[in-house]
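Atoms within a ligand are numbered from 1 in the order they appear, just like the ligands themselves.
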Amino acid sequence: MMRKLKDLSTGEILEIASRFQVEGRIQTVEPFGNGNVNDTFLLITDCGHPYTLQRINHDVFKDPISLMDNFARVTQHLSQKFKDGHTSLQTLVLVPALDGTSYVTGDQGNYWRVTEYVPNGLSLEVPQSREHAYEAARAFGDFQYQLRDLPGVALIETIPDFHNTESRYHAFLQALDKDPCQRASEAADLIAFARENESLATLIRYANFPTRTVHNDTKLNNVLLHETTGAGICVVDLDTVMPGCALHDFGDLVRTAACSSEEDEPDISKIHFLPDRFSALVEGYLCGVCDLLESVEVEHLAEAPQVITYELALRFLTDFLLGDTYFKVKRSGHNFERARAQFQLLRSMQEHAPQMKSTVSSCLTAGPA
Ligand code: GN1
Ligand code: MG
């Protein structure tokens, strides 16, 4: 019997993969990475060439064609910057389909794409050192900096209001009101904490900050670090690159890279904000973004991590209340655990808030490393 990977047989995946301009015949296909939304596979051909194959989740990304259009524009721009020596960071390289397009469509309206596999890349859930944190932040900062002069019209908003924390709060209230799975009573403490912190929902509003082309999903595992040197080599997961606010990128990286645990740690006694990693992130990010930021952005760097951690906690809690329909879950109660972990991290950040502010100030005074 043909082996099943996710909901597909290997044969079905091979058929999709054969519709791209890959070098050689595909020999192996394995699930790859830790994405919570798309499905990713590693392909290896008989000449040893590795590729990454991804199925775009079209429940989440309603307009995959525009998404791929953004993807192609961004990667083309970044690869030119690399060739011209403006950045040391590589970018993802799309492998065209046989008909020259950047994607193929499969059964049930699924969209698929292939990119070259990036060799020697390490994708971490928690940084193992201060240097890792610095390099990850430098890479995401550089990503924003290189995209400052993306030519042409603005990218298409693939998910409108993606980091509109206020609308995430309203979605949470609506889910709570409906409580379709009768899970609210189980989450009473988390719900109370979400309500107490409502003011975080309006602290960073898009309208109050410059609109930039940003990544929007800067989890630590979305940047590849070199497996031996630890240097940032490539920013990945480009599906949410679109107009947005620089602070959300910085905040989301801090959420995942200045925390002692993974984002779904079930034992909350293990979850702490790590001030030392935070200072490395501020230094690395400020180095990567060069002179891009305006003072209104710099003034909010210390608060952005709280806002985004709150936002993710709300999203996980909302998905728990609605019956786990958005994020992939590995076990029952997974979204509950994620929400609880994020609220715990938020609490720890709140305890360190004055220190976070002074870290940002001292990094700014110290200037470039
Ligand atoms: C999703 O699939 P992944 O892990 O790259 C989500 C992000 C969340 C993240 C939390 C399109 O990203 O916004 O921060 O899970 N992506 C989308 O782990 O919703
Ligand atoms: Mg993603």
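Residues G121 and I233 approach most closely at CA-CD1, 3.8 Å, considering heavy atoms. The minimum heavy-atom distance linking V298 with V360 is given by the pair O-CG1, 4.3 Å.
The closest approach between a heavy atom of H248 and any atom of ligand 1 is not below 4.0 Å. Ligand 1 lies within reach of R315, whose nearest heavy atom is under 4.0 Å from it.
Counting the atoms of ligand 1 from 1 in the order shown, those under 4.0 Å from a heavy atom of D237 are 5 (O). Taking a cut-off of under 4.0 Å to the non-hydrogen atoms of R255, the atoms of ligand 1 that pass are 14 (O). Ligand-side atoms of ligand 1 in range of E263: 10 (C), 18 (O), range being under 4.0 angstrom from any heavy atom. For ligand 1, the atoms sitting less than 4.0 Å from at least one non-hydrogen atom of F61 are 11 (C), numbered in the order shown with element in parentheses. Those atoms of ligand 1 with a heavy atom of K219 less than 4.0 angstrom away are 3 (P), 4 (O), 9 (C), 10 (C), 18 (O). Interface of Y326 with ligand 1, defined as ligand atoms under 4.0 Å from a residue heavy atom, comprises 11 (C), 17 (C), 19 (O).
With sequence neighbours excluded, no residue satisfies ring pair (Phe, Tyr, Trp, His ring centres under 6.0 Å) with H132. The side-chain hydrogen bond (donor to acceptor under 3.5 Å, both in side chains) test applied to D189 returns no partner, not counting sequence neighbours.
Remark: ligand 1 and N38 share no N or O pair separated by less than 3.5 Å (distance only, no angle test). Residue T240 has no nitrogen or oxygen atom sitting less than 3.5 Å from a nitrogen or oxygen atom of ligand 1, judged on distance alone.
With no hydrogens or angles considered, no side-chain donor-acceptor pair links T309 and Q342 at under 3.5 Å.
Annotation: Y169 is in aromatic contact with F172 [ring centroid separation under 6.0 Å].
Among N36, V37, V236, the residue whose heavy atom lies nearest to atom 15 (O) of ligand 1 is N36.
Of the charged side-chain nitrogens involved, none lies within less than 4.0 Å of a carboxylate oxygen, so that R195 and E198 do not count as a salt-bridged pair.
When each of N216, V235, L150, T213 is tested with V241 by the rule side chain to side chain contact (heavy atoms under 4.5 Å, CB included), just one qualifies, namely T213.
Only the side chain of L312 comes within 4.0 Å of ligand 1, judged by heavy-atom distances.
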